[in-house]
Number of protein chains: 2
Amino acid sequence: MTANSREDILAAAKRVAQAHGYSGLNFRDLAEEVGIKAASIYYYFPSKADLAEAVARRYWEDTAAVLEGLLNESGDPIRALRRYPEIFRRALENDNRMCLHSFMSAEYDDLPEPVKKEVQTFADVNTSWLSKVLSAAKVVSPKQSQRRARAIFAAVAGAQLMARSRADIALYDALIDSYRVAGLLPT
Amino acid sequence: MTANSREDILAAAKRVAQAHGYSGLNFRDLAEEVGIKAASIYYYFPSKADLAEAVARRYWEDTAAVLEGLLNESGDPIRALRRYPEIFRRALENDNRMCLHSFMSAEYDDLPEPVKKEVQTFADVNTSWLSKVLSAAKVVSPKQSQRRARAIFAAVAGAQLMARSRADIALYDALIDSYRVAGLLPT
DNA sequence: ACCTGAACACCGTTCAAGT
DNA sequence: ACCTGAACACCGTTCAAGT
């Protein structure tokens, strides 16, 4: 057991933020979970804004790694594309949590500027990957891949949000399936 | 100018909740906007949960009226369907606000039970209307209309959320257009 | 380097009192 | 009927100070 407060704080903050958002992130509860005092968090992160920025950056970095892994292990782009919704499903499986990007998009007005920036990067990472894979799989023309990538990202996030509002993973699966039937996602 | 504190509170709370969510709703700021003191709000609403419940109920009631109006003035179902995304666009036009349902779906874990119930009714109102109109317009078979209705609702909400995260209405329009190109929405 | 006590600011809520 | 000042209990945030 290697104690590492900074990493522990980051991991706990990520979990909290995916369930309660930026506004629901609080240092006392966070500290208790990590086993230190609330004030100690300020040793690692000068402010709540800095913590949230670090969490949001780590979040897209982790997602970028997952996406690359998905593409590699799937072998071909179309199979990777089919499995993309699994990533958002996993958050719901994790006690009905949701994508940090989605939660923080709702909280846009109350987000410090640096946090907004990292949140946008998460969207960029996702849409760039989708665009690349859509193009490689020849699902749409290279010219259309960026637009379709954004549509898929937005729609999948919306499905996750709606499923969360009923704590119903089966609804998420049904929505993704409907996207496939309608032609938004490849079958 | 008919003074009506209860209605003023409800209207102000709706605006605040569409920008900052349930957690961002606070009685002191709300009271200031209405021109009364925080304690006075308790004369009309016994608790924050009661206020939020009333706001969420009023929200779906208003939306139900807008949807009926849209169907009536459009003349035929397919035209009404094409104009459905305008409703979510209007929130963005209103200082980058968003659908109360979407925001509160993100806040699911922190919502009092009666508020959750009203939030779900908003989704029901939307998907029922969409289902009815999709079926009438023969866009999909009656058997598929409920599933497609949910998919459209989730996707449009997702588009609004993503556009809000960049304060970019043009992105919203592009996403809706992509949904049409992909076949999720009728052209 | 790492952590904390204690103060500060704020929020939902209550209630006795005012008009 | 409608509104308010003042207070309460609580909690997130901050910083000067400890080891």
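Throughout, a chain's letter reflects where its sequence line sits, starting with A, and its residues are numbered from 1.
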### Message
Is the distance from the ring center of A:Phe88 to that of A:Tyr172 below 6.0 Å?
### Response
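Ring centroids of A:Phe88 and A:Tyr172 are no less than 6.0 Å from each other.
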### Query
Between B:Ser47 and B:Asp50, is any side-chain donor less than 3.5 angstrom from a side-chain acceptor?
yes
Under a 4.0 Å threshold between the charged nitrogen and the carboxylate oxygen, would [Y] count as salt-bridged to [X]?
X: A:Arg97; Y: B:Asp109; result: no
X: A:Arg15; Y: A:Asp29; result: no
X: B:Glu32; Y: B:Arg28; result: no

### Of B:Arg28 and A:Ser40, the one whose closest DNA chain D nucleotide lies more 5'
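The residue closer to the strand's 5' end, by nearest nucleotide, is B:Arg28.
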Using a 4.0 Å heavy-atom cut-off across all strands, classify [X] as base, sugar-phosphate, or nothing.
X: B:Tyr43; answer: base
X: A:Tyr44; answer: sugar-phosphate
X: B:Leu25; answer: sugar-phosphate

### Message
Pick the closest DNA chain C nucleotide for B:Ala39 and for A:Gly35 by heavy atoms, then say which residue is nearer the 5' end.
### Response
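Residue closer to the 5' terminus by nearest nucleotide: A:Gly35.
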### Query
Does C:dA9 pair with anything, Watson-Crick or G-U wobble, both distances under 3.5 Å, and if so, with which nucleotide?
none
### Task
Report the base-pairing partner of C:dG18 (Watson-Crick or G-U wobble, both distances below 3.5 angstrom), or none.
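Because both required distances fall under 3.5 Å, C:dG18 counts as paired with D:dC2.
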### Task
Only pairs at least two apart or in different chains count here, so list each salt bridge (charged side-chain N to carboxylate O under 4.0 Å, His left out) that has a residue in residues 127-148 of chain B.
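Matches after skipping sequence neighbours: A:Asp177-B:Arg147, B:Glu68-B:Lys132.
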### Contact boundaries on DNA chain C for chain B, cut-off under 4.0 Å to non-hydrogen atoms
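Range of nucleotides touched by chain B: C:dC11 to C:dC15.
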